[in-house]
2 protein chains.
Amino acid sequence: MRPFFHPALEDIKPDAILYALSDPERVAIFAKLAGTACGGTCSALADLGDRVIPKSSLSNHFKVLRESGLIRSERQGVEMRNQTRCAELDERFPGLVRAILTAYGQLPEQLKTG
Amino acid sequence: MRPFFHPALEDIKPDAILYALSDPERVAIFAKLAGTACGGTCSALADLGDRVIPKSSLSNHFKVLRESGLIRSERQGVEMRNQTRCAELDERFPGLVRAILTAYGQLPEQLKTG
DNA sequence: ATCAACAGTTCCGAATTTCTGAACTACGGA
DNA sequence: TCCGTAGTTCAGAAATTCGGAACTGTTGAT
């Protein structure tokens with residue numbers, strides 16, 4: 001198994017961010033993650049209500065989110081913990097993630113800072 | 001030739017917006033359009049400096065921008081005039097287009113309102 | 001009217017990307 | 001050591017993207 005690749009903050013490209021978040025399934029995953037304090041696992045995020053994302057697709061979604069710079073993943077025993085890089089991202093691209101989640105109607109409480 | 005389709009404001013979907021603007025060529029086109037008062041034609045926007053976009057690809061880029069709701073196109077004689085729907089869009093998705101263009105470093109003067 | 005030039009669209013095949021089931025890897029517990 | 005669980009990788013089918021070539025529709029000249 002290859003180790004995870006995470007781009008450095010300065011290497012994060014807006015087109016990759018937009019591409020990653022142009023898929024509603026990935027947005028749903030990302031928004032759920034942004035709404036949970038401690039990192040979420042893959043399988044905890046697979047259930048979208050109307051459909052359960054297949055494992056291999058889910059794995060790919062996480063890869064896209066990770067390599068675009070939206071999340072950070074870490075293996076912890078048998079599972080994987082994921083967390084968003086919202087704080088960093090907001091420094092580099094002010095207001096971007098916030099505006100996108102808001103557009104989707106999925107801005108979690110945690111990010112609704114006055 | 002089929003007539004142009006423009007989604008109504010309430011039918012515009014964020015995923016389509018993000019998808020359209022996840023392509024740097026389309027962003028360049030859109031940003032140039034946003035920076036010109038009167039609408040720009042296709043061919044006036046084909047030259048990206050480092051490469052000239054082929055006509056058919058350009059036509060497709062405009063279609064994607066149009067059908068996602070980012071621009072409005074109108075045939076005027078032999079050419080086509082395009083303009084952004086920034087004002088409308090900002091009503092529906094506050095701050096979104098602004099944050100995206102800023103992230104790309106392509107926010108035109110016209111949109112830098114206090 | 002006819003023709004030529006021009007702006008942009010449509011068509012279609014090649015190349016690339018996406019999707020997902022099946023096989024596989026890695027870790028932890030009994 | 002063997003099993004179960006979490007997630008990854010592989011591979012082929014399906015869908016999408018790209019761009020050259022042919023086409024449409026408009027304007028202006030003869």
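Each chain gets a letter, A, B and so on, in the order its sequence line appears, and its residues count up from 1. As a basis for the values below, the full set of heavy atoms in this structure was taken, side chains included, without hydrogen atoms, waters or symmetry mates.
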- Message: Once side chain to side chain donor-acceptor pair (under 3.5 Å) is applied, what residue pairs with a partner in residues 64-78 of chain B remain, sequence neighbours excluded?
- Response: B/Arg66-B/Ser73, B/Arg72-B/Glu88, B/Ser73-B/Asn82

- In the 5'-to-3' direction, what one-character label does each nucleotide of nucleotides 20-30 of chain D receive under the scheme B = base within less than 4.0 Å of a protein heavy atom, S = sugar-phosphate only, - = no such atom? BB--BBBS---

- Message: Using the rule given for side-chain contact (heavy atoms from CB on, under 4.5 Å), can you reason through B/Leu70 versus B/Leu21, listing the C-alpha separation, both sets of side-chain angles and the distance that settles it, and then say yes or no?
- Response: CA-CA 9 Å; B/Leu70 281 160; B/Leu21 295 181; 3.7 Å; yes

Without decimals, in angstroms, what is the distance between [X] [atom1] and [N] [atom2]?
X	N	atom1	atom2	answer
B/Leu58	D/dG19	CG	C1'	12 Å
A/Arg66	D/dG7	CZ	P	11 Å
A/Leu65	D/dT8	CG	P	12 Å
A/Lys63	D/dG7	NZ	C1'	14 Å
A/Phe5	D/dT8	CZ	P	16 Å

- Task: State which residues pass salt bridge (charged side-chain N to carboxylate O under 4.0 Å, His left out) with B/Glu10; sequence neighbours excluded, sorted by chain then number.
- Result: none

- Item | Test salt bridge (charged side-chain N to carboxylate O under 4.0 Å, His left out) applied to A/Arg92 - qualifying residues, sequence neighbours left out | none

- Query: Start at the 5' end of DNA chain C and walk down; is the nucleotide closest to A/Arg75 or to A/Glu25 reached first?
  - Reply: A/Glu25

- Query: Going by number, which of residues 43-51 of chain A have a non-hydrogen atom under 4.0 Å from DNA chain D?
  - Reply: A/Ser43

- Residues clustered with B/Phe5, ILVMFWY side-chain links under 4.5 angstrom: none

- Non-neighbouring partners of A/Val64 that pass side-chain contact (heavy atoms from CB on, under 4.5 Å), sequence neighbours left out: A/Tyr19, A/Ala20, A/Arg26, A/Asn60

- Task: For B/Asp15, enumerate each residue passing the side-chain contact (heavy atoms from CB on, under 4.5 Å) test, keeping only those at least two apart in sequence or located in another chain.
- Result: A/Pro24, A/Tyr104, B/Lys13

Which atom pairs, one a donor and one an acceptor, fall under 3.5 Å between side chains of residues 31-57 of chain A and the rest of the protein, sequence neighbours left out?
from: A/Lys32; atom 1: NZ; to: A/Asp47; atom 2: O; distance (Å): 3.0
from: A/Thr36; atom 1: OG1; to: A/Lys32; atom 2: O; distance (Å): 3.3
from: A/Thr36; atom 1: OG1; to: A/Leu33; atom 2: O; distance (Å): 2.9
from: A/Thr41; atom 1: OG1; to: A/Ala44; atom 2: N; distance (Å): 3.3
from: A/Asp47; atom 1: OD1; to: A/Gly49; atom 2: N; distance (Å): 2.8
from: A/Arg51; atom 1: NE; to: A/Glu25; atom 2: OE2; distance (Å): 2.6
from: A/Arg51; atom 1: NH2; to: A/Glu25; atom 2: OE1; distance (Å): 3.2
from: A/Arg51; atom 1: NH2; to: A/Glu25; atom 2: OE2; distance (Å): 2.8

- Task: Taking side chain to side chain donor-acceptor pair (under 3.5 Å) as the test, write out the residues that go with A/Gln106, two or more places apart.
- Result: none

- Query: Are A/Phe93 and A/Ile12 close enough, and set up right, to give a side-chain contact (heavy atoms from CB on, under 4.5 Å), and what steps lead you there?
  - Reply: CA-CA 10 Å; A/Phe93 302 121; A/Ile12 295 179; 3.8 Å; yes

- Task: Walk along DNA chain C from 5' to 3' and tell me the first and last nucleotide with an atom closer than 4.0 Å to a non-hydrogen atom of chain A.
- Result: C/dT18 to C/dG28

- Query: Do B/Phe4 and B/Val78 belong together in a cluster built from hydrophobic side chains that touch within less than 4.5 Å?
  - Reply: no

